[in-house]
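Everything below concerns the one structure shown next.
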Amino acid sequence: MTLAGKTAVITGSNSGIGLGIAEELARLGSDIVLNSFTDNPEDHALAERIAEEHKVRAVYVAADMSNGDACRSLVAKAREAMGSLDILVNNAGIQFVAGIDEFPVEKWNAIIAINLSSAFHTTAAALPLMRAQGWGRIVNIASAHGLTASPFKSAYVAAKHGLVGLTKVTALETAEEPITANAICPGYVLTPLVEAQIPDTMKKYGMDRETVIREVLLERQPSKQFATTAQIGGCVAFLCSAAAEQITGTTLSVDGGWTAL
Ligand code: NAD
């Protein structure tokens, strides 16, 4: 398949899953708009590297996904830079782990803003552009935690369940149009977000790294393997393919069997 001539905006894509998605869509010929909240030379260098490697156009646009206006202006700037916006991947996300009664309010607000509200704002800004163009694909990166819960992750689980709900509403509101909206629900993928949880867990349980990975992180992932960022990118590409034209409003689990348990 080819995505030549399309433009994809991927929020939170200077690292981890977002970067993996950008690489895969670029490999298939899509022009790419990378994003995060930082504005460092290495962010722009990442866009240059992707453009060169895959012979596509790629730019980096700094925008803080915790700010609704910034989310909307990311979409406008992407359109301005590339001339169209065909694929919107809402991927930016953060995590914080604590019991509900001890959960810092500012962490709750940040997680809801970045992991959920940002997708509302970018979708609201992108839909008129997709409608005018007559084609659009919205892919929300939710989580196995958009379908099931774990203790101590109240904000994350609430935001991801909310994102799955937003995906369904977006699909219904665009059902008769050539636009689809779906959510991908990864289990554990070894990215900086997950890597950051390993040292504390090692300390907490007095375990070595391998034991933490197998018995804590992958405890509920029956395959006992991490999903990869390239696999998530491949799933986004599939949802943008002709085969997926009638797939809308659904969730695609990439979790090694977690939600089959
Ligand atoms: P990551 O920390 O590597 O990447 C998160 C990205 O979001 C980074 O590019 C970061 O710069 C960006 N970001 C954070 N705050 C932002 C803000 N305010 N504005 C703009 N960008 C911001 O983590 P990841 O594991 O690649 O996570 C990506 C997405 O995948 C998240 O939504 C996460 O919840 C989801 N996810 C991850 C896993 C996993 O196991 N890694 C599993 C399920 C779902």
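Owing to the predicted nature of the structure, the values given are computational and were not obtained by experimental measurement. Both counts, for ligands and for their atoms, begin at 1 and track the order of listing.
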| request: Could you see which bit of Ser13 sits under 4.0 Å from ligand 1, with heavy atoms only: side chain, backbone, both or neither? | output: backbone

| field | Atoms of ligand 1 close to Gly16 [distance to a heavy atom under 4.0 angstrom, numbered from 1] | value | 3 (O), 26 (O)

| query | Any side-chain heavy atom of Leu127 sitting closer than 4.5 Å to one from Ile138? | reply | yes

| Over 12 foreign heavy atoms within 6.0 Å of CZ, Arg49 | yes

| said: Taking 4.0 angstrom as the limit and counting only heavy atoms of Pro192, give me the atoms of ligand 1 inside it, by number and element. | reply: 3 (O)

| said: Considering both backbone and side-chain atoms of Met65, is one of its nitrogen or oxygen atoms within less than 3.5 Å of a nitrogen or oxygen in ligand 1? | reply: yes

| query | Using a heavy-atom cut-off of under 4.0 Å, does the side chain or the backbone of Ile114 touch ligand 1, or both, or neither? | reply | side chain

| said: Counting only heavy atoms closer than 4.0 Å, does ligand 1 sit against the backbone of Cys185, its side chain, both, or neither? | reply: neither

| query | Would you call the rings of Tyr188 and Phe226 parallel, tilted or perpendicular, where under 30° means parallel and over 60° means perpendicular? | reply | perpendicular

| Could Glu24 and Arg27 be called an ion pair, given the rule that one side-chain N must be under 4.0 Å from one carboxylate O? | yes

| said: Just to confirm my output: which protein heavy-atom neighbour is closest to atom 26 (O) of ligand 1, and how far is it? | reply: Ile17 N, 2.7 Å

| task | Quick one: look up the protein heavy atom nearest atom 43 (C) of ligand 1 and list residue, atom name and how far away it is. | result | Pro186 O, 3.3 Å

| field | Side-chain heavy atoms of Arg137 within contact of Leu239, under 4.5 Å | value | no

| request: Would you mind finding which of Asn115, Thr191, Asp64, Thr38 brings a heavy atom closest to atom 25 (O) of ligand 1? | output: Thr191

| message | A quick test of your reading: do over 12 heavy atoms of other residues, nucleotides or ligands sit less than 6.0 Å from CD of Glu42? | response | yes

| Within less than 4.0 angstrom of ligand 1, does Ala142 place any heavy atom? | yes

| said: How long is the straight-line distance from CG of Asp86 back to CG of Leu3, given to the nearest 0.5 Å? | reply: 9.5 Å

| remark: So the atoms of ligand 1 within less than 4.0 Å of a heavy atom of Ser36 turn out to be 10 (C), 11 (O), 12 (C), 20 (C), 21 (N), 22 (C)

| Nearest neighbour in protein (non-hydrogen) for atom 9 (O) of ligand 1 | Asn14 OD1, 2.7 Å

| message | Which residue and atom name correspond to the protein heavy atom nearest atom 12 (C) of ligand 1, and how close is it? | response | Gly12 CA, 3.5 Å

| What residue and heavy atom of the protein are closest to atom 23 (O) of ligand 1, and at what distance? | Leu193 CB, 3.1 Å

| request: Go through the steps to decide whether Thr201 and Met207 satisfy the test side-chain contact (heavy atoms from CB on, under 4.5 Å), and finish with yes or no. | output: CA-CA 8 Å; Thr201 316; Met207 290 174 173; 5.9 Å; no

| query | Among protein heavy atoms, which lies nearest atom 5 (C) of ligand 1, and at what distance? | reply | Gly93 O, 3.7 Å

| Any idea which part of Tyr156 is under 4.0 Å from ligand 1, heavy-atom wise: side chain, backbone, both or neither? | side chain

| field | Within 6.0 Å of CG in Leu261, more than 12 heavy atoms from elsewhere | value | yes

| query | For the atom pair OG (Ser84) and CH2 (Trp135), what is the distance rounded to the nearest 0.5 Å? | reply | 10.0 Å

| field | side-chain contact (heavy atoms from CB on, under 4.5 Å) evaluation trace for Asn14 with Leu34 | value | CA-CA 7 Å; Asn14 66 350; Leu34 294 176; over 6 Å; no

| query | Can you tell which part of Ala63 has a heavy atom less than 4.0 Å from ligand 1: side chain, backbone, both or neither? | reply | backbone

| message | With a cutoff of 4.0 Å, is Gly187 in contact with ligand 1, counting heavy atoms of the residue only? | response | yes

| note | Restricting to heavy atoms, the pick from Asn91, Ile141, Val189 nearest atom 32 (O) of ligand 1 would be Asn91

| task | Report yes if the side chains of Glu210 and Glu215 come closer than 4.5 Å at any heavy-atom pair, otherwise no. | result | no

| Atoms in ligand 1 with a heavy atom of Val194 nearer than 4.0 Å | 39 (C), 40 (O), 41 (N)

| message | To check your reading of the model: name the closest protein heavy atom to atom 22 (C) of ligand 1, its residue, and the distance in Å. | response | Phe37 CD2, 3.6 Å

| task | Pull out every atom of ligand 1 sitting under 4.0 Å from any heavy atom of Ile94, numbered as shown with elements. | result | 14 (C), 15 (N)

| task | Can you sort out which atoms of ligand 1 are near Tyr188, meaning under 4.0 Å from one of its heavy atoms? | result | 40 (O)

| task | Please report which non-hydrogen protein atom sits nearest to atom 3 (O) of ligand 1, along with the residue it belongs to and the distance in Å to one decimal place. | result | Ser15 OG, 2.7 Å

| task | Select one of side chain, backbone, both or neither to describe which atoms of Lys160 lie under 4.0 Å from any atom of ligand 1, heavy atoms only. | result | side chain

